[in-house]
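Read through the structure below, which is laid out as structure tokens, and then see the notes.
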Amino acid sequence: MGRIAFIFGRIFKNDRRHPGVLVEVRKTTAVDIIWNMIKLKVISKDDLNDFLDELKQEMERRTGALAK
């Protein structure tokens, strides 16, 4: 969970144009939040390079399910 918080902090911390952006991340909802952020083009799959392979695979699986 700490790794996810670190990545979100890195994504939003440097965005001076939107300093009020807050994302509540719980272990049970983290994957869904990340997926929604990808769909909304807030982040890209490339932003997940530092995440675990399991998370990256889940995002790939969901991307493939969208294509069908």
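Residues meeting the side chain to side chain contact (heavy atoms under 4.5 Å, CB included) test with Ser44, sequence neighbours left out: Asp46, Asp47. For Glu60, the side chain to side chain donor-acceptor pair (under 3.5 Å) test picks out Lys45, with sequence neighbours left out. Applying the salt bridge (charged side-chain N to carboxylate O under 4.0 Å, His left out) rule to Lys56 yields the partners Asp53; only residues at least two apart in sequence or on another chain are considered.
Atoms CE and CD1, from Met59 and Ile43 in turn, are 8.0 Å apart once rounded to the nearest 0.5 Å. With rounding to the nearest 0.5 angstrom, the CG atom of Leu52 is 13.0 Å from the CD atom of Glu58. To the nearest 0.5 Å, the span separating CD1 on Ile38 from CD1 on Ile33 amounts to 12.5 Å.
The closest side-chain heavy-atom distance from Trp35 to Leu55 is not below 4.5 Å.
Closest of all the heavy-atom pairs between Phe51 and Ile34 is CE2-CD1, 4.0 Å.
The salt bridge (Lys or Arg N to Asp or Glu O under 4.0 Å) analysis of residues 33-43, with sequence neighbours excluded, yields no pairs.
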